[in-house]
Amino acid sequence: MNQKSGMVLKILSIFESGLFLKIFSVFITGLWIAGLILGNISIITLAIILLIALSVVLYIHRDNLQEIFQTDSNIIVEDERTQLINEKAATMTFGIFVAVIIYASIVLIALRDSYPQLSQAGYTLFLAAVFCFILYFTSRAYYTRKF
């Protein structure tokens, strides 16, 4: 009897672990997506039921959520070199992405006489690139003042 109750507690501790909860939430998200793609209300209903069950578990353990999801604090996850590499890669990716958008918009706008139906797409891409620049410079100014 004592061995059986120990096994039940072990199973319950698996359900309370952060890894299980993360995997379970990914599974629920997959059910949502599958239900929406297939248009199957049964899958969506199952996802709702599982989401309610997950919410109940999270509500019961709401005081321990930080302990459940927190990783080992002794492990260094990211150092300054990794952070610098990520910043440079993000800046390069942003620059290349905006350059490709601008190039595509110029090509589409230049073809407006031959393909008038594409001119609106060209102008939309150009405005999206301008918006990206505005967002970039605004956030850069904000974080320059903040730090």
Side-chain angles (χ1 to χ4, degrees), residues 1-108 115 117-147:
M1 187 79 165
N2 191 12
Q3 189 178 27
K4 195 174 195 178
S5 65
M7 188 168 178
V8 170
L9 288 175
K10 190 174 185 180
I11 290 172
L12 286 176
S13 69
I14 290 173
F15 288 115
E16 295 171 1
S17 72
L19 180 62
F20 176 78
L21 293 175
K22 289 175 188 176
I23 292 171
F24 192 61
S25 66
V26 168
F27 178 72
I28 292 172
T29 304
L31 282 176
W32 278 110
I33 293 171
L36 291 174
I37 289 174
L38 298 174
N40 190 341
I41 193 68
S42 302
I43 297 175
I44 295 173
T45 306
L46 177 63
I48 290 172
I49 292 169
L50 292 175
L51 183 64
I52 291 170
L54 180 65
S55 299
V56 168
V57 170
L58 291 176
Y59 181 76
I60 290 171
H61 299 289
R62 66 186 177 275
D63 297 332
N64 301 331
L65 287 180
Q66 186 175 4
E67 295 171 8
I68 291 173
F69 291 109
Q70 189 175 18
T71 59
D72 188 9
S73 61
N74 297 332
I75 299 173
I76 298 175
V77 177
E78 187 175 278
D79 61 350
E80 292 174 7
R81 181 178 177 272
T82 306
Q83 187 176 5
L84 180 66
I85 290 171
N86 289 339
E87 288 174 5
K88 288 188 180 268
T91 304
M92 174 84 68
T93 304
F94 172 75
I96 291 172
F97 181 71
V98 170
V100 168
I101 286 178
I102 290 173
Y103 178 73
S105 68
I106 289 172
V107 168
L108 291 176
Y115 301 100
Q117 69 272 19
L118 297 179
S119 62
Q120 185 176 4
Y123 290 121
T124 304
L125 285 175
F126 186 75
L127 287 176
V130 169
F131 176 72
C132 284
F133 275 126
I134 291 170
L135 183 64
Y136 173 75
F137 288 119
T138 304
S139 62
R140 184 167 170 82
Y142 171 77
Y143 286 112
T144 301
R145 267 189 264 132
K146 186 174 181 178
F147 299 113

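Just so it is clear, the values below take in all heavy atoms, side chains as well, and ignore hydrogens, waters and symmetry mates. Computed from a predicted model, the values in this text were never measured in an experiment.
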Which atom names give the shortest non-hydrogen contact between S25 and L54, and what distance separates them?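 So the minimum-distance heavy-atom pair works out to CB-CD2, 4.1 Å.
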Where S105 and G122 come nearest, the two heavy atoms and their spacing: CB-O, 3.1 Å
Keeping T138 on the side-chain end and L135 on the backbone end, is there a donor-acceptor pair under 3.5 Å? no
Quick one: do F24 and I28 satisfy side-chain contact (heavy atoms from CB on, under 4.5 Å)? Show the steps, please. CA-CA 6 Å; F24 192 61; I28 292 172; 3.6 Å; yes
Give, for atom [atom1] of [X] and atom [atom2] of [Y], the distance between the pair rounded to the nearest 0.5 Å.
X	Y	atom1	atom2	value
I44	I33	CD1	CD1	11.5 Å
L36	I41	CG	CD1	9.0 Å
T45	L31	OG1	CG	11.0 Å
I85	E80	CD1	CD	12.0 Å
T93	N86	OG1	CG	10.0 Å
L50	T29	CG	OG1	11.0 Å

I'd like to know whether L51 forms a side-chain contact (heavy atoms from CB on, under 4.5 Å) with W32, so could you lay out the CA-CA distance, the side-chain angles of the two residues, the decisive distance to 0.1 Å, and finally the verdict. CA-CA 10 Å; L51 183 64; W32 278 110; 4.2 Å; yes
Before giving the answer on side-chain contact (heavy atoms from CB on, under 4.5 Å), spell out for Y115 and L108 the whole-Å C-alpha distance, their side-chain angles and the decisive distance to 0.1 Å. CA-CA 8 Å; Y115 301 100; L108 291 176; over 6 Å; no
Taking atom CZ of F126 as the centre, report whether more than 12 heavy atoms of other residues, nucleotides or ligands fall under 6.0 Å from it. no
Can you tell me if CZ on F94 sees more than 12 non-hydrogen neighbours from other groups inside 6.0 Å? yes
Any side-chain heavy-atom pair from I102 and F133 closer than 4.5 angstrom? yes
